[in-house]
Amino acid sequence: MRTVISLAAIVVATAAVAKHAPPPVIEPAIYQGAHIVVPNDDGTRGYIEAYGEATGRKLWDLTIYRVWTWPFTEEDVQWIFIRSMVLEGNSLVITDEHSRMFCVDLETRTVKRVEIAAEEASNNAVQPTRACGPRG
C-alpha cells in the first residue's frame, strides 16, 4: 500500500510540474491592407490569419507547421507555439518556441523552413532579413 501511495504522489507531482506556459502574445503585422495575426490558440498547429483592415473580415489563414503529439503523454507539454513574427518586405519571418524559423511569402502564401546553424538558433543570432534571403 505504501508503494502505491508513493507512486501516486510522484505521478501527481510530475503532472503538476509538466504544464506548458501560456503562449506568447504576438504583435500583429499590417501588409497591403491586411491585419495579420498569430492566434496561438492551438499548440498542435502554428498558423496565421489575415483580416481586412477596413472590414475586419477574415481574408485567409495559413498553417505554418503542425505538431504531432504522442499518445499516453500529456498533450500540452508537447505543444509548440509561435514565439515571434517579423514583417520584412513581402515576407514574414516566423520563429517557434524551438527556435525553428519559417519564411512566409505573403504574395504566394507559401511557407519555407529556414535551416540555420545550431549555434545561431541557440543564441537567437539570426537576423530576419538574413533568414529569408534577398528580395528581388
Side-chain angles (χ1 to χ4, degrees):
M1 181 68 171
R2 177 177 259 156
T3 304
V4 172
I5 292 172
S6 297
L7 183 57
I10 291 170
V11 169
V12 169
T14 304
V17 172
K19 293 290 180 192
H20 195 287
V25 176
I26 309 298
E27 288 296 315
I30 307 295
Y31 180 76
Q32 294 185 350
H35 193 80
I36 302 171
V37 299
V38 176
N40 261 351
D41 60 355
D42 179 3
T44 62
R45 178 172 84 116
Y47 68 103
I48 57 175
E49 295 178 332
Y51 292 87
E53 215 174 1
T55 64
R57 288 184 40 212
K58 184 175 178 180
L59 303 172
W60 50 266
D61 66 32
L62 180 66
T63 298
I64 309 303
Y65 60 86
R66 292 196 179 279
V67 177
W68 305 107
T69 57
W70 292 97
F72 310 113
T73 302
E74 193 166 348
E75 187 175 345
D76 69 333
V77 298
Q78 300 178 69
W79 293 342
I80 303 170
F81 291 103
I82 292 174
R83 183 177 68 201
S84 69
M85 173 177 70
V86 177
L87 179 64
E88 290 290 332
N90 67 342
S91 296
L92 283 175
V93 180
I94 294 179
T95 307
D96 71 11
E97 292 178 314
H98 287 187
S99 296
R100 296 179 303 178
M101 294 183 93
F102 303 87
C103 276
V104 178
D105 184 318
L106 294 171
E107 297 294 318
T108 61
R109 292 189 211 141
T110 55
V111 178
K112 176 181 76 170
R113 169 97 185 264
V114 179
E115 297 298 328
I116 55 176
E119 62 275 1
E120 288 181 299
S122 65
N123 296 331
N124 294 322
V126 177
Q127 297 301 313
T129 52
R130 187 167 154 224
C132 287
R135 307 287 182 275

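What you see is a predicted model, and the numbers here were worked out from it, not measured in a lab.
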For W68 against Q78, the heavy-atom pair lying closest together | O-OE1, 4.3 Å
Quick one: are [X] and [Y] in side-chain contact, heavy atoms under 4.5 Å?
{"X": "P23", "Y": "E97", "answer": "no"}
{"X": "V93", "Y": "M101", "answer": "yes"}
{"X": "I64", "Y": "V104", "answer": "yes"}

Nearest-0.5 Å distance that lies between atom [atom1] in [X] and atom [atom2] in [Y]:
{"X": "H98", "Y": "I80", "atom1": "NE2", "atom2": "CD1", "answer": "4.0 Å"}
{"X": "L62", "Y": "I48", "atom1": "CG", "atom2": "CD1", "answer": "5.0 Å"}
{"X": "L87", "Y": "L106", "atom1": "CG", "atom2": "CG", "answer": "6.5 Å"}
{"X": "L92", "Y": "C103", "atom1": "CG", "atom2": "SG", "answer": "9.0 Å"}
{"X": "S99", "Y": "R83", "atom1": "OG", "atom2": "CZ", "answer": "4.0 Å"}

Exercise: do E53 and Y31 side chains pair donor with acceptor under 3.5 Å = no
Looking only at side chains, do E49 and Y51 share a donor and an acceptor under 3.5 Å apart?
-> yes
Among T63, D41, D42, D61, which residue meets the side chain to side chain donor-acceptor pair (under 3.5 Å) test with Y47?
-> D41
Would you check if the side chain of D96 reaches a backbone N or O of R100 as a donor-acceptor pair within less than 3.5 Å?
-> yes
Anything under 3.5 Å between a donor and an acceptor, one on a side chain of residues 32-40, the other on a protein residue two or more places apart or in another chain? List them.
residue: N40; atom: OD1; partner: I82; partner atom: N; Å: 3.1
residue: N40; atom: ND2; partner: P24; partner atom: O; Å: 2.9
residue: N40; atom: ND2; partner: I82; partner atom: O; Å: 2.9

Got more than 12 heavy atoms from elsewhere within 6.0 Å of CD, E107?
-> yes
How is the hydrophobic cluster of F81 composed, in terms of its other members, when Ile, Leu, Val, Met, Phe, Trp and Tyr link through side-chain heavy atoms under 4.5 Å apart, directly or indirectly?
-> W79
Worked check of side chain to side chain contact (heavy atoms under 4.5 Å, CB included) between E74 and D76 | CA-CA 6 Å; E74 193 166 348; D76 69 333; 3.1 Å; yes
Same apolar cluster: L59 and V111, side chain cutoff 4.5 Å = yes
Start with the C-alpha gap between K112 and F102, add the side-chain angles, then the distance that decides, and say whether side chain to side chain contact (heavy atoms under 4.5 Å, CB included) holds.
-> CA-CA 6 Å; K112 176 181 76 170; F102 303 87; over 6 Å; no
